[in-house]
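Below, chain A is the first sequence line, B the second, and so on; all start at residue 1. These figures come from a predicted structure and were not determined experimentally.
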Amino acid sequence: MPTIRVQTEDFDLGAEVDALRAGNAKIGGIALFVGLVRDINDGAGVSTLTLEHYPAMTQKALVDIVDQACARWDVINATVIHRVGQLMPTDQIVLVIVASGHRGDAFQACEFIIDFLKTRAPFWKKESTQKGERWVEARASDDAASSRWQALHKSEES
Amino acid sequence: MPTIRVQTEDFDLGAEVDALRAGNAKIGGIALFVGLVRDINDGAGVSTLTLEHYPAMTQKALVDIVDQACARWDVINATVIHRVGQLMPTDQIVLVIVASGHRGDAFQACEFIIDFLKTRAPFWKKESTQKGERWVEARASDDAASSRWQALHKSEES
Amino acid sequence: MMLNVLYFASLRETFGIASEHIALPAPATVAALIVVLRARGDSWFDALGPDKRWRVAVNEEMAVMDTVLQVGDAVAIFPPVTGG
Amino acid sequence: MMLNVLYFASLRETFGIASEHIALPAPATVAALIVVLRARGDSWFDALGPDKRWRVAVNEEMAVMDTVLQVGDAVAIFPPVTGG
């Protein structure tokens with residue numbers, strides 16, 4: 001069963017990998033992504049980052065994204081953890097782990113989940129910088145990263 | 001500086017990520033791959049897996065692969081650890097970690113390193129199964145995974 | 001019919017309100033709700049203009065302008081997401 | 001000239017030897033060394049045949065049949081790698 005959590009507390013990456021594996025000897029490879037708070041975003045020093053979300057929708061959106069990944073690739077197990085609240089530079093924001101029989105599936109499912117999460121899960125970032133507070137703008141590159149999976153999907157079908 | 005090690009001992013994935021990050025606030029994303037011993041390979045139950053390598057060449061080959069990844073993508077830091085000796089099902093075999101400013105670079109560099117490692121680093125696996133011992137055959141799928149980066153590289157240049 | 005309308009992130013701050021109940025004649029679409037909100041003028045008119053980027057979810061699923069609303073629906077309006 | 005020749009994995013087991021010194025008239029290529037080894041017959045002839053998959057590294061770098069050998073070179077012969 002996939003693990004999907006939204007929390008204010010930090011997470012322990014090694015412990016999450018151990019829990020995901022749980023001694024399953026069918027797992028040949030695990031791909032993992034962890035997103036971190038950088039101190040520079042568009043040139044302004046970031047002192048804190050505050051993450052807001054839409055609680056009633058977040059879990060549903062993450063479950064849907066993981067379900068799509070499980071339908072497209074050989075996924076033995078997956079973990080998605082996203083933090084909310086106030087974070088500092090170098091803090092961990094998000095963790096995606098995918099265990100699979102084969103590495104190609106693990107990599108693709110992991111990258112798909114983080115790409116879709118970035119464009120479809122209801123989280124918003126507000127940066128506090130030396131210049132004051134500002135909401136982080138959505139990036140066109142994230143839309144492109146997300147939509148390439150759609151293009152790939154179509155070409156797989158043809 | 002990249003960390004590249006060949007060792008008989010197990011590794012602690014969380015500790016390796018911490019060492020790689022070392023509080024660097026320029027890192028926006030970390031992609032990681034860990035390869036594990038499966039208990040079934042081509043239908044025969046695996047009881048042990050023995051990894052042999054060519055010590056004088058291994059380090060050189062791994063450094064060269066990581067250098068290529070650093071030349072092609074925005075890599076802030078990278079770690080490659082490969083175990084040798086006798087392993088059991090569920091044991092960790094190989095760890096690749098790439099830290100980058102952006103997640104796309106982290107994913108691509110990480111997958112490139114493991115794909116190239118599988119076809120260019122001098123390691124050989126011998127399985128001990130219920131049917132006896134046998135050397136693992138190289139897979140055509142690994143050659144394909146490795147050579148697609150060459151194709152990608154050419155298309156990037158054109 | 002009564003709708004539960006929610007605002008998030010920069011739109012919540014722009015409007016100065018996190019949620020409200022809005023009555024709309026049935027049947028209605030998301031587009032009809034947006035017309036009502038823009039008619040309030042000022043920041044409502046500007047922030048929800050067709051030149052601005054914003055998203056709508058109905059009952060916690062992404063929706064479009066043509067999505068039909070039912071009595072009691074939760075309609076959330078928010079800027080493009082920036083998690084991860 | 002003297003070469004240091006090493007065998008790994010299944011080839012080491014097939015030949016029953018991990019390394020040896022081989023003298024070859026200079027100049028020579030990897031191909032010339034393979035001819036000498038195959039001339040030993042039996043498993044040497046079979047395992048290093050053109051229909052078999054094996055690789056050569058010279059001084060710890062991947063080499064090809066045309067690679068020119070120098071005195072003292074370390075020439076490693078091994079099956080396709082299977083790490084990771």
Side-chain angles (χ1 to χ4, degrees), chain A residues 11-18 20-41 45-47 49 76 88-108 110-115 117-118 139 141-142 144-145 148, chain B residues 11-18 20-41 45-47 49 76 88-108 110-115 117-118 139 141-142 144-145 148:
Chain A
F11 48 80
D12 179 337
L13 190 146
E16 296 300 335
V17 171
D18 288 345
L20 178 85
R21 295 182 50 182
N24 185 334
K26 306 297 172 221
I27 300 174
I30 293 174
L32 176 154
F33 176 78
V34 57
L36 307 170
V37 182
R38 297 196 300 164
D39 68 351
I40 295 290
N41 203 356
V46 173
S47 50
L49 188 70
I76 293 176
M88 312 284 284
T90 79
D91 279 355
Q92 301 183 122
I93 307 174
V94 61
L95 177 68
V96 178
I97 320 177
V98 173
S100 173
H102 302 95
R103 77 182 183 285
D105 285 71
F107 270 112
Q108 290 194 67
C110 186
E111 198 169 6
F112 170 91
I113 290 170
I114 185 67
D115 282 352
L117 184 155
K118 288 218 166 229
R139 289 195 177 130
S141 61
D142 285 332
R148 87 198 146 100
Chain B
F11 48 80
D12 178 335
L13 190 147
E16 297 299 335
V17 171
D18 288 346
L20 177 85
R21 296 182 50 183
N24 185 335
K26 306 297 171 220
I27 300 174
I30 293 173
L32 177 154
F33 176 79
V34 56
L36 307 171
V37 182
R38 296 197 299 164
D39 69 352
I40 294 292
N41 202 357
V46 173
S47 51
L49 188 70
I76 294 176
M88 311 284 285
T90 79
D91 278 355
Q92 303 184 119
I93 307 173
V94 60
L95 177 68
V96 178
I97 320 177
V98 174
S100 173
H102 301 94
R103 77 181 183 286
D105 284 70
F107 270 110
Q108 290 194 67
C110 186
E111 198 169 5
F112 170 91
I113 290 170
I114 185 68
D115 282 353
L117 184 155
K118 287 218 167 227
R139 290 195 176 129
S141 62
D142 284 332
R148 88 198 145 100

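- Across A/E111, A/K118, A/E16, the residue that shares the most heavy-atom pairs under 4.5 angstrom with chain B is A/E111.
- Heavy atoms closer than 4.5 Å to chain A are found in the side chain of B/V17, but not in its backbone.
- Here the NZ atom belonging to A/K26 is positioned 3.5 Å from the CG atom belonging to B/D39, to the nearest 0.5 angstrom.
- Interatomic distance, A/L13 CG to B/L32 CG, rounded to the nearest 0.5 Å: 7.0 Å.
- Using bins of under 30°, 30° to 60° and over 60° for the plane-to-plane angle, the ring pair B/F107/A/F107 lands in the perpendicular bin.
- We find the OG1-CG distance between A/T90 and B/N24 to be 9.5 Å, quoted to the nearest 0.5 Å.
- Here B/G28 is the residue among B/G23, B/G101, B/G28, B/G29 with the most heavy-atom pairs under 4.5 Å with chain A.
- Side chain of B/R21 to backbone of A/L36: no donor-acceptor contact under 3.5 angstrom is found.
- Looking only at heavy-atom pairs under 4.5 Å with chain B, the residue among A/I93, A/I97, A/D115 that has the most is A/D115.
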Take B/R103 and A/I114 through the side-chain contact (heavy atoms from CB on, under 4.5 Å) test and state the conclusion after the steps.
CA-CA 9 Å; B/R103 77 181 183 286; A/I114 185 67; 3.8 Å; yes
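- Of the inter-residue distances, the one linking A/R139 atom CZ with B/H102 atom NE2 reads 5.5 Å to the nearest 0.5 angstrom.
- No part of B/D12 comes within reach of chain A, as not one of its non-hydrogen atoms sits under 4.5 angstrom from that chain.
- In this structure, chain B has heavy atoms under 4.5 Å from both the backbone and the side chain of A/A31.
- For the set B/A25, B/G14, B/A15, the entry with the most heavy-atom pairs within less than 4.5 Å of chain A is B/A25.
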